[in-house]
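Scope of the values below: all heavy atoms of this structure, side chains included, with no hydrogens, waters or symmetry mates. For this chain, numbers begin at 1 and follow the sequence in order.
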Amino acid sequence: MSHPWNAAAIADKLGIAAADLAIETIVHSLDGIEYENVLLFDRSKPPVSGVLSVPNYFGIRQQALEIAATTIGNEHAIFVADVFGKTVRPANGDEAMAAITPLKADRAELRRRMRAALDAFAAQQALPLDAANVGACGFCFGGTAALELARDGAALRGVVSLHGALDTPAPAASSFKGAVLVLHGVQDPSVPREQVNDFIDEVSAAGIDWQLINYGQAGHSFTDPDANNPGFFYHRQTAERAALALQDFFGEVMH
């Protein structure tokens with residue numbers, strides 16, 4: 001299937017030859033709406049493990065694929081999930097906010113869409129994917145979405161939130177199935193300290209394997225090279241540290 005992506009740039013972020021990059025558009029439907037996801041993997045050594053990755057509030061775009069590739073690396077198949085629907089591709093911040101606001105208000109619907117994306121990932125026949133060897137991560141809004149999937153009891157080895165909101169209207173003290181890692185910028189104005197503390201209480205009550213790394217010089221959006229506003233800015237050193245932390249985490253929890 002043809003696609004608009006700059007495959008060479010994505011392969012470079014993965015550290016593989018462009019000829020070895022498999023990049024496929026994966027379509028799934030939910031309630032009559034089609035969603036277009038993007039599957040990335042190294043065709044020279046197809047992985048048996050996979051990470052479902054949810055972009056920030058702009059959804060599926062070139063930069064989202066490059067950030068996922070940079071952060072997750074080439075040890076796992078990467079399924080960049082569409083939770084908006086294929087006709088929703090925000091072109092600016094206002095459109096992006098309009099896309100995520102209903103989903104942040106209706107976490108049950110967000111969980112349904114995340115489940116549908118996870119099912120579409122697990123169904124991929126092009127991979128020797130072990131359905132018991134899958135994790136999820138997300139960036140900004142995507143981090144919130146990934147945590148909601150974990151709270152919904154999805155059978156995931158591990159879940160990582162990168163500068164995502166940690167609040168939920170439905171804490172899940174007993175639903176988490178795998179480990180959780182939160183990579184948080186302390187200067188993030190959208191995630192106040194009280195919200196962090198409430199999250200700590202939630203996962204502690206769940207009795208799961210959880211970690212929280214606070215990055216003192218980072219705010220929101222620290223993995224987004226285009227972010228440049230007070231409290232919402234790219235921080236290269238933190239982005240690199242976070243990628244190492246995420247890769248180490250998934251390397252440990254996925255076998």
Side-chain angles (χ1 to χ4, degrees), residues 9-18 20-23 37-56 63-81 117-118 121 124 127-140 142-147 149-150 154-164 166 176-185 203 208-218 221-225 234-255:
I10 297 166
D12 180 67
K13 301 298 185 185
L14 283 171
I16 65 175
D20 289 335
L21 174 66
I23 178 167
N37 316 275
V38 180
L39 176 65
L40 309 171
F41 64 93
D42 182 351
R43 70 172 82 246
S44 72
K45 49 174 185 178
V48 298
S49 57
V51 176
L52 183 151
S53 178
V54 189
N56 67 13
Q63 188 197 66
L65 305 186
E66 292 186 23
I67 290 174
T70 299
T71 308
I72 299 167
N74 64 8
E75 293 300 311
H76 315 285
I78 303 171
F79 190 86
V80 185
L118 182 61
F121 186 17
Q124 293 314 299
L127 289 167
L129 190 65
D130 178 358
N133 217 15
V134 174
C137 72
F139 304 82
C140 300
T144 302
L147 287 173
L149 181 61
L156 298 165
R157 289 281 189 180
V159 172
V160 183
S161 168
L162 299 100
H163 46 81
L166 306 177
F176 290 101
K177 295 292 194 298
V180 173
L181 171 64
V182 168
L183 304 172
H184 171 62
V203 289
I208 60 169
D209 174 8
W210 67 270
Q211 302 173 63
L212 167 66
I213 300 178
N214 287 307
Y215 296 107
Q217 294 182 300
S221 309
F222 60 72
T223 62
D224 183 350
Y234 176 63
H235 193 262
R236 181 185 58 80
Q237 185 181 53
T238 297
E240 292 173 353
R241 288 173 172 174
L244 289 174
L246 178 145
Q247 291 167 25
D248 181 67
F249 172 79
F250 281 132
E252 176 187 347
V253 302
M254 291 201 278
H255 309 293

Q: Evaluate the side-chain proximity of W210 to V182: yes if any heavy-atom separation is below 4.5 Å, no if none is.
A: no
Q) Any idea which heavy atoms bring A64 and P55 closest together, and the distance? A) CB-CB, 3.7 Å
Q. How many angstroms lie between atom CD of E252 and atom CG of L181, to the nearest 0.5 angstrom?
A. 10.0 Å
Q: Mind listing the closest non-hydrogen atom pair of A150 and V159 along with its distance?
A: CB-CG2, 3.7 Å
Q: Return the set of residues passing side chain to side chain contact (heavy atoms under 4.5 Å, CB included) with D248 (not counting sequence neighbours), or none when no residue passes.
A: none
Q: Determine the minimum heavy-atom distance between L162 and A242, stating which atoms define it.
A: CD2-CB, 4.1 Å
Q) Between Y215 and H235, is any pair of side-chain heavy atoms under 4.5 Å apart? A) no
Q) With A11, which residues qualify under side chain to side chain contact (heavy atoms under 4.5 Å, CB included), at least two apart? A) I16, A18, L21
Q. Would you call D224 and Y234 a side-chain contact if the rule is heavy atoms closer than 4.5 Å?
A. no
Q | Nearest non-hydrogen partners of F139 and S53, listed with the distance | A | CE1-OG, 3.4 Å
**Q.** Closest contact, heavy atoms only, F222 versus H184
**A.** CE2-C, 4.3 Å
Contacts under 3.5 angstrom, residues 67-79 side chains, donor-acceptor by atom type, not counting sequence neighbours:
from : atom 1 : to  : atom 2 : distance (Å)
T70  : OG1    : E66 : O      : 2.8
T71  : OG1    : I67 : O      : 2.8
N74  : ND2    : L14 : O      : 3.3
H76  : ND1    : S49 : OG     : 2.6

Q: Spell out, as yes or no, whether a donor-acceptor pair under 3.5 Å connects the side chain of R157 to the backbone of A179.
A: no
Q | Heavy-atom side-chain contact between Q237 and Q217 under 4.5 Å | A | yes
Q: Report yes if the side chains of I23 and L39 come closer than 4.5 Å at any heavy-atom pair, otherwise no.
A: no
Q. Considering only heavy atoms from C-beta outward, does the side chain of S161 approach that of L183 to under 4.5 Å?
A. no
Q.
Any heavy-atom pair between the side chains of K13 and L65 that's under 4.5 Å?
A. no
Q: Check the pair T223 / H163 against side-chain contact (heavy atoms from CB on, under 4.5 Å), numbers first and verdict last.
A: CA-CA 8 Å; T223 62; H163 46 81; 2.8 Å; yes
Q: Report yes if the side chains of V160 and F250 come closer than 4.5 Å at any heavy-atom pair, otherwise no.
A: yes
Q. Run the side-chain contact (heavy atoms from CB on, under 4.5 Å) check on V134 and V51 step by step: do they pass?
A. CA-CA 6 Å; V134 174; V51 176; over 6 Å; no
Q. Which is it for K177 and L156 under the side-chain contact (heavy atoms from CB on, under 4.5 Å) test, yes or no, and what are the steps along the way?
A. CA-CA 6 Å; K177 295 292 194 298; L156 298 165; over 6 Å; no
Q: Would you name the heavy atoms of N56 and C140 that are closest together and state the gap between them?
A: CB-CB, 3.8 Å
Q.
Walk me through whether L149 and L118 qualify under side-chain contact (heavy atoms from CB on, under 4.5 Å).
A. CA-CA 9 Å; L149 181 61; L118 182 61; 4.3 Å; yes
Q) Only one of D209, L147, I208 forms a side-chain contact (heavy atoms from CB on, under 4.5 Å) with V203, so which one is it? A) I208
